[in-house]
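Below: one structure, written as structure tokens.
In what follows, residues are counted from 1 in the order of the sequence shown. These numbers come from the heavy atoms of this one structure, side chains and all, not from hydrogens, waters or symmetry mates. A quick note: this is a predicted structure, and the numbers were derived from the prediction, not measured.
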Amino acid sequence: VQLQASGGGLVQPGGSLRLSCVVSGINLDDSTIGWFRQAPGKEREGVSCVDYADDRTYYADTVKGRFTISRDGAKNTMYLQMTSLKPEDTAIYYCATDPGYYSHISGWCSLKYFENWGQGTEVTVSS
């Protein structure tokens with residue numbers, strides 16, 4: 001399984017970016033997907049996840065209303081649309097997948113439930 005993330009870059013506060021993650025080796029429609037981020041000096045955290053079994057979606061409170069997770073099965077690609085970006089969104093963003101479904105578990109959008117990881121794409125929000 002390979003995940004290739006892209007789309008990061010430097011953006012001004014209030015701007016937008018769309019991250020992409022091309023997945024190979026698995027059928028993305030049969031996978032729970034997630035985006036995570038790690039800011040300098042902080043632990044990696046779950047940003048948004050979608051459970052494949054029932055499409056239940058999680059967003060961290062810090063991004064709710066600003067970020068949107070999605071997938072395109074035909075392209076086997078997942079996305080994270082980010083709008084109204086803030087300096088505190090600065091981080092390396094990672095895409096991840098797992099064949100299981102965990103949305104019935106509290107705190108399910110976390111690292112321990114994801115088996116496959118991309119290499120990360122850096123997002124810097126600064127004026």
Separation between CG of D98 and CG of N116, rounded to the nearest 0.5 Å: 7.0 Å
Taking side chain as C-beta onward, heavy atoms only, is M78 less than 4.5 Å from T97? yes
Measuring only between side-chain heavy atoms, which start at C-beta, is Q81 closer than 4.5 Å to S70? no
Test your reading of the model: is there a side-chain donor-acceptor pair from N76 to the backbone of I26, 3.5 Å cut-off? yes
According to the interplanar angle, ranging from 0 to 90°, do the rings of W117 and F36 count as parallel (below 30°), tilted (30 to 60°) or perpendicular (above 60°)? tilted
Could you check if a side-chain atom of S110 sits within less than 4.5 angstrom of a side-chain atom of Y102, using non-hydrogen atoms only? no
Can you establish whether the number of heavy atoms outside E88 located under 6.0 Å from its atom CD is more than 12? yes
Given side-chain contact (heavy atoms from CB on, under 4.5 Å), test V11 with S16 step by step and report yes or no. CA-CA 7 Å; V11 62; S16 300; over 6 Å; no
Provide the closest heavy-atom pair for F114 versus G34 in the form atom of the first, atom of the second, distance. CE2-N, 3.6 Å
Would one find more than 12 heavy atoms of other residues, nucleotides or ligands at under 6.0 Å from atom CD of Q38? yes
Residues in side chain to side chain donor-acceptor pair (under 3.5 Å) with D55, at least two apart? none
Do V47 and V125 share a hydrophobic cluster, counting only Ile, Leu, Val, Met, Phe, Trp and Tyr and linking them when any side-chain heavy atoms are less than 4.5 Å apart? yes
According to a hydrophobic-cluster definition based on side-chain heavy atoms being under 4.5 Å apart (Ile, Leu, Val, Met, Phe, Trp, Tyr only), do I105 and V50 belong together? no
Counting C-beta onward and ignoring hydrogens, is there a side-chain heavy-atom pair between C95 and I33 closer than 4.5 Å? no
Please tell me whether V23 and I69 are part of a single hydrophobic cluster in this structure, the criterion being side-chain heavy atoms less than 4.5 Å apart. yes
Do T68 and Y59 make a side-chain contact, defined as non-hydrogen atoms from C-beta onward lying under 4.5 Å apart? yes
Between atom CD of Q4 and atom SG of C21, what is the distance when rounded to the nearest 0.5 Å? 8.0 Å
Going by heavy atoms in the side chains, are R56 and Y101 under 4.5 Å from each other? no
Minimum heavy-atom distance between C109 and S48, given as atom pair plus value: SG-C, 3.7 Å
I need the minimum non-hydrogen distance between Y113 and G107, along with the two atoms involved. CE1-O, 3.9 Å
Check for me, please, whether V63 and L80 land in the same ILVMFWY cluster - side-chain distances under 4.5 Å, paths through other members count. yes
Against S103, only a single residue in T57, T32, D51 fulfils side-chain hydrogen bond (donor to acceptor under 3.5 Å, both in side chains); can you say which? D51
Indicate the ring-plane relationship of F67 and Y93, choosing parallel, tilted or perpendicular according to the 30° and 60° boundaries. tilted
Beyond-backbone contact of V123 with L19, side-chain heavy atoms, under 4.5 angstrom: yes
Under 3.5 Å, is there a donor-acceptor pair linking the side chains of T77 and D72? no
Spell out, yes or no, whether Y94 and L17 are grouped together once hydrophobic residues are joined by side-chain heavy atoms under 4.5 Å, including indirect joins. no
For A5, is there any backbone N or O sitting under 3.5 Å from a side-chain donor or acceptor partner on Q119? yes
If we only count heavy atoms from C-beta on, is the R37 to T62 side-chain gap below 4.5 Å? yes
Test of understanding: with side chain to side chain donor-acceptor pair (under 3.5 Å), list the residues that count as partners of R66, not counting sequence neighbours. D89
